[in-house]
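Here is the naming used below: chain letters follow the sequence lines, and residue numbers restart at 1 for every chain. Values in this document were obtained by computation on a predicted structure and should not be read as measured data.
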Protein chains: 2
Amino acid sequence: MTKSPAPERPKLGEFLCFAVYSANLAFGRAYRPILEKLGLTYTQYVALVALWEQDDQTVGELGEKMFLESNTLTPILKKLEQSGFIERRRDPADERQVRISLTPKGSELRSHEIGNELFDATGLGDSFFDVQKSVAKLRDNLMRSLGD
Amino acid sequence: MTKSPAPERPKLGEFLCFAVYSANLAFGRAYRPILEKLGLTYTQYVALVALWEQDDQTVGELGEKMFLESNTLTPILKKLEQSGFIERRRDPADERQVRISLTPKGSELRSHEIGNELFDATGLGDSFFDVQKSVAKLRDNLMRSLGD
DNA sequence: GATAATTCAAGCGCATACGATGAAATCGGA
DNA sequence: TCCGATTTCATCGTATGCGCTTGAATTATC
């Protein structure tokens, strides 16, 4: 019997899901020392970025952009409120909704350009934006395939 | 005073860190329904993949490949042991180390080709492997930059 | 051969992340 | 108007993920 051609099973490092999984851990660790001086966690930072793009959002809108449910977002937003970066208050027109808005302290942070500090660390050079687009596309495709 | 040209601050979706962050969430959700039929979580699955590549590793070696610390890995491995996928036992030569090895049940799972089921869902086509390489490179660059 | 330094897994506290559920407010049809 | 369905946020339980610390075992040094 001839030995099978051995389909060369991919090694762990070659799995895309694993690459994304570990790259996310790497980003978290790279950001940690920068953010912890500001008293922020990585997820809290992402929430602030979303609010810089569009202030005064409801919990649901913010969650849609961050791909998070309210049950995950609520404790994070309460922390950001405690730290004085944001305000949470019920919408008078619809008391079911909680609107999130930046405080001056939260807005001010925007000028720190934290994200730019890590551009070099990615080592991607000119392909940075291509990778960014590809990964975003990957995410959107996966999300869409879940809706079926 | 002339209005500044507005450096066009990147929107949230344009941040690479956010793309990776959300793509990781998307992968987790895509894998969940497949894996939960097998009684596995996403991280538990990644650990099994690492063991398929190389059986009989120590907790430390496994953690190095998965970019996880032993404190994170230990409870995950205990779950996998309870579920009957792996065995944990102290290395007689160095009793500090715990060696992890696959049970028949754990090895058998390899033939399910779970990863292949999601290839189409990524919608990347031929660029799949390019993206995989880019993201792995990104991760390695970030990790290396942390060592400085 | 005793002691100090190192290594390694494990325990603890905190912070996400998600499914299931609950509670309050709103909406919509009879 | 009234009552059930829906929307929206919050709570609870479980599972990662990390920094810090602990305790056991090995290695290095004298």
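- Heavy atoms of A:Ala47 sit nowhere under 4.0 angstrom from any nucleic acid atom.
- The interatomic distance linking B:Leu62 (CG) with C:dA9 (P) rounds to 10 Å, in whole Å.
- Taking 4.0 Å as the cut-off between side-chain N and carboxylate O, A:Arg89 and A:Glu87 count as a salt-bridged pair.
- Counting to the nearest Å, the C1' atom of C:dC27 and the CD atom of A:Gln97 are 13 Å from each other.
- If you take OH of B:Tyr31 and P of D:dT16, they are 16 Å apart, rounded to a whole angstrom.
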Please write out the pairs of protein N or O atoms and N or O atoms of nucleotides 14-17 of chain C separated by less than 3.5 Å, giving the distance to one decimal.
residue: C:dA15; atom: OP2; partner: A:Lys79; partner atom: NZ; Å: 3.0
residue: C:dT16; atom: OP1; partner: A:Thr41; partner atom: OG1; Å: 2.6
residue: C:dT16; atom: OP2; partner: A:Gln44; partner atom: NE2; Å: 3.1
residue: C:dT16; atom: O3'; partner: A:Thr43; partner atom: OG1; Å: 3.3
residue: C:dA17; atom: OP2; partner: A:Thr43; partner atom: OG1; Å: 3.3
residue: C:dA17; atom: OP2; partner: B:Tyr21; partner atom: OH; Å: 2.6

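- Rounded to whole angstrom, the span from the CD atom of A:Glu36 across to the C1' atom of D:dC18 amounts to 11 Å.
- Judged by distance alone with a 3.5 Å cut-off, no donor-acceptor contact links the side chain of B:Arg96 to the base of D:dT26.
- A distance-only check finds a donor-acceptor pair linking the side chain of B:Trp52 to the backbone of B:Gly106 [under 3.5 Å].
- The CG-P distance, from B:Leu40 to D:dT14, rounds to 19 Å in whole Å.
- Look at B:Lys78 and you'll find a side-chain N or O under 4.0 angstrom from OP1 or OP2 of C:dG11.
- Computed from coordinates, the A:Glu64 CD to D:dT7 C1' distance equals 14 Å when rounded to whole Å.
- Mapped onto DNA chain C by nearest heavy atom, A:Asp94 and B:Asp94 fall at different nucleotides, with B:Asp94 at the one closer to the 5' end.
- If you check the side chains of A:Lys65 and A:Gln57, you find a donor sitting under 3.5 Å from an acceptor.
- Rounded to whole Å, the distance from CG on A:Leu73 to C1' on D:dT11 is 15 Å.
- In this entry the distance linking CZ of B:Arg90 with C1' of C:dT7 reads 13 Å, nearest Å.
- Note on A:Arg88: only backbone sugar-phosphate atoms sit closer than 4.0 angstrom, heavy atoms only; bases stay farther off.
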Requested in this report: Could you give me the CA-CA distance, side-chain angles and deciding distance for B:Val135 and A:Leu138, then say whether side chain to side chain contact (heavy atoms under 4.5 Å, CB included) is met?
Outcome: CA-CA 12 Å; B:Val135 176; A:Leu138 159 67; over 6 Å; no
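- Considering only the side chain of B:Ser70, C:dA9 comes nearest among C:dA9, C:dA25, D:dA10.
- A:Asp56 is linked by a side chain to side chain donor-acceptor pair (under 3.5 Å) to A:Arg99, counting only residues two or more places apart in sequence or in another chain.
- Put simply, the residue from B:Phe85, B:Tyr31, B:Phe27 that forms a ring-ring contact (aromatic ring centres under 6.0 Å, His included) with B:Tyr45 is B:Tyr31.
- A salt bridge is absent between B:Arg90 and B:Glu95: the closest approach of a Lys/Arg side-chain nitrogen to an acidic carboxylate oxygen does not fall below 4.0 angstrom.
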